[in-house]
Amino acid sequence: MDKASAPIGVFDSGLGGLTILKALQEYLPNEQFIYFGDTAHLPYGEKSEAALISYVTDIMHYLKSRGCKLIVVACNSASTVLTKAPNLPYEKDEIIEVISPIVDLISTQKKYQRIAVIGTRKTIDSGLFDKELKQRNNQLQIVSRATPLLVPLIEEGFSDEQALFPIFDRYFKDFDDAELIIPACTHYPMIYKQIESYFNHKLKVLHTPKIIAEGLKDLLDQNQLNNTGSKNEDEYHLSDLTDGFKREAEMFLGRAISLSRTLLK
Ligand code: DGL
C-alpha cells in the first residue's frame, strides 16, 4: 500500500476528539480515519504527565501498527506532553496537535485583543497558551481558567442550558470583558453555542476544529499525501465500551457508527 492511501489516526480521551474528527471528515472526504477514544483513562485533564505520556505513546504505537500515515492528537491535554514523550513512533512533522495551530492564528490576528482561554486543569496548568500567546504578541490580554467539570457533563450528555449555566456562573465570573473565548479542550466545541448564548452573543467562541482541519489539509497538500484512490470505512475504537459514548457520539455525528473495544496492553 502506498503511503498516500494509508489512514489517518485521530485520538482523544473520549468524545471530545469527535469535534475534530467531524471537521476532518467534512474537509477531507477522501481520507480514511481511525479514531481511538481512550475512555478507560478519561479524564485526561486530571492525569499526571507520566500517565499521559504512557497513554499517548501506547495509542500512537497502535495507530502506527495499523499503518496510519499521520496522527492528529485531538486532545489539548495530551498535546501538552508531546515534547516530553521520548518514544513516539512518529516524527514531529507527522503529528498535528491542537495547541500550536491555534496559538499561531491568534498571535497573528488583529481582531481580538481580550481573550479568555478555558481548558482542563492539565492544559491550563501547563501555561502553554498563556506563555506562547503573550510571548508572540504582547498586546494580547489573556485570562485563562481551568473548567474541569465541563468534560464529565459533556460525556454524560448534560449539555442543556439549565445544566450548564449555573456552572458557567462560577467559571466565567470575570469574562465579561473578553472578546473571544478559546475552547482549549476538544470537548468544548460541543457546547460552543451554549457558551455564546450565555454571553448573549457578545463574544465569540473560536471554532477550533475547523482550524485543525485546515492545518491537516495543508500538511497533506504539502507532502502530496492526499488519498486519491478508494477508501475504507472510518473506524472507531475505544479502550472501554460504554452505551453513553455510542449514544452521544451518534447524536453528535448525526449517524450510526460501530464501535470496537480495543485494548492496548
Ligand atoms: N478533550 C480533551 C482535551 O482536549 C480531554 C478532556 C479530558 O479527558 O479531561 O483536553
Side-chain angles (χ1 to χ4, degrees), residues 9-24 33 35-60 71-85 95-103 106 116-130 132 144-159 164 167 171 181-192 195 205-213 215-216 236-240 242 244-245 248-249 252-253 264:
V10 182
F11 73 91
D12 178 45
S13 59
L15 278 175
L18 296 180
T19 62
I20 305 290
L21 181 73
K22 193 177 182 183
L24 301 179
F33 296 97
Y35 187 80
F36 192 93
D38 194 8
T39 42
H41 296 127
L42 183 114
Y44 272 12
E46 301 295 314
K47 296 292 184 299
S48 67
E49 194 169 281
L52 281 183
I53 289 175
S54 136
Y55 305 152
V56 164
T57 307
D58 290 347
I59 295 169
M60 283 205 205
I71 297 296
V72 179
V73 182
C75 173
N76 288 80
S77 310
S79 297
T80 66
V81 303
L82 292 178
T83 55
K84 296 167 190 158
I95 300 173
I96 295 233
E97 37 80 20
V98 287
I99 297 181
S100 328
I102 309 300
V103 168
I106 297 303
V117 184
I118 55 173
T120 64
R121 246 185 217 117
K122 189 94 228 141
T123 301
I124 298 302
D125 290 353
S126 78
L128 278 175
F129 275 95
D130 246 26
E132 299 273 330
S144 50
R145 174 106 357 106
T147 52
L149 271 182
L150 299 182
V151 169
L153 282 170
I154 293 167
E155 287 280 334
E156 202 50 47
F158 288 0
S159 48
L164 292 173
I167 315 263
Y171 280 153
I181 292 192
I182 300 179
C185 168
T186 53
H187 280 70
Y188 301 171
M190 289 189 173
I191 54 164
Y192 82 92
I195 300 176
V205 177
L206 187 70
H207 192 51
T208 44
K210 179 172 169 273
I211 298 161
I212 304 305
L216 178 61
Y236 298 84
H237 299 262
L238 298 181
S239 50
D240 190 20
T242 60
F245 186 99
E248 296 306 317
F252 179 71
L253 294 171
L264 300 184

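We use all heavy atoms of the structure for the numbers below, so side chains are in, but hydrogens, waters and symmetry mates are not. We count ligands from 1, going down the list as the structure has it; atoms in each ligand are counted the same way.
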Atom 7 (C) of ligand 1 has as its nearest protein heavy atom Tyr44 N, 3.3 Å
Check this for me: Arg145, atom CZ, are more than 12 non-hydrogen atoms of other residues, nucleotides or ligands nearer than 6.0 Å? yes
Could you work out, for atom 9 (O) of ligand 1, the closest of Ala184, Gly45, Cys185 by heavy-atom distance? Gly45
Under 4.0 Å from one or more heavy atoms of Thr120, ligand 1 contributes atoms 6 (C), 9 (O), 10 (O)
Considering only heavy atoms, does Asn76 approach ligand 1 within less than 4.0 Å through its side chain, its backbone, both, or neither? both
Output the list of atoms in ligand 1 that are nearer than 4.0 Å to some heavy atom of Ser13, sorted by atom number. 5 (C), 6 (C), 7 (C), 8 (O)
Donor-acceptor contact below 3.5 Å, side chain Glu49 vs main chain Val81: no
For ligand 1, does Val151 get within less than 4.0 Å through its side chain, its backbone, both, or neither, judged by non-hydrogen atoms? side chain
Give the C-alpha distance, both sets of side-chain angles, the deciding distance and a yes or no for side chain to side chain contact (heavy atoms under 4.5 Å, CB included) between Thr120 and Tyr44. CA-CA 8 Å; Thr120 64; Tyr44 272 12; over 6 Å; no
Would you say Ser239 and Tyr55 are linked by a side-chain donor-acceptor pair, where the criterion is simply a distance under 3.5 Å? no
Here the atoms of ligand 1 under 4.0 Å from any heavy atom belonging to Pro43 are 7 (C), 8 (O), 9 (O)
Look at the rings of His237 and Phe36 and say which category their plane angle falls in: under 30° parallel, 30 to 60° tilted, over 60° perpendicular. parallel
Check: Glu46 N/O within less than 3.5 Å of ligand 1 N/O: no
Which atom names give the shortest non-hydrogen contact between Pro209 and Thr19, and what distance separates them? CB-O, 3.3 Å
Should Ile154 and Glu248 be marked as a side chain to side chain contact (heavy atoms under 4.5 Å, CB included) after you check the CA-CA gap, both sets of side-chain angles, and the distance that decides it? CA-CA 9 Å; Ile154 293 167; Glu248 296 306 317; over 6 Å; no
Cys75 touching ligand 1 at heavy-atom level, < 4.0 angstrom: yes
Find all atoms of ligand 1 within a distance of less than 4.0 Å from any non-hydrogen atom belonging to Asp12, and give their numbers and elements. 1 (N), 2 (C), 5 (C)
Check: Ser77 N/O within less than 3.5 Å of ligand 1 N/O: yes
Which residue is it: Asp12, Ile102, Ile124, Ile99? I am looking for the one with a side-chain contact (heavy atoms from CB on, under 4.5 Å) to Asn76. Ile99
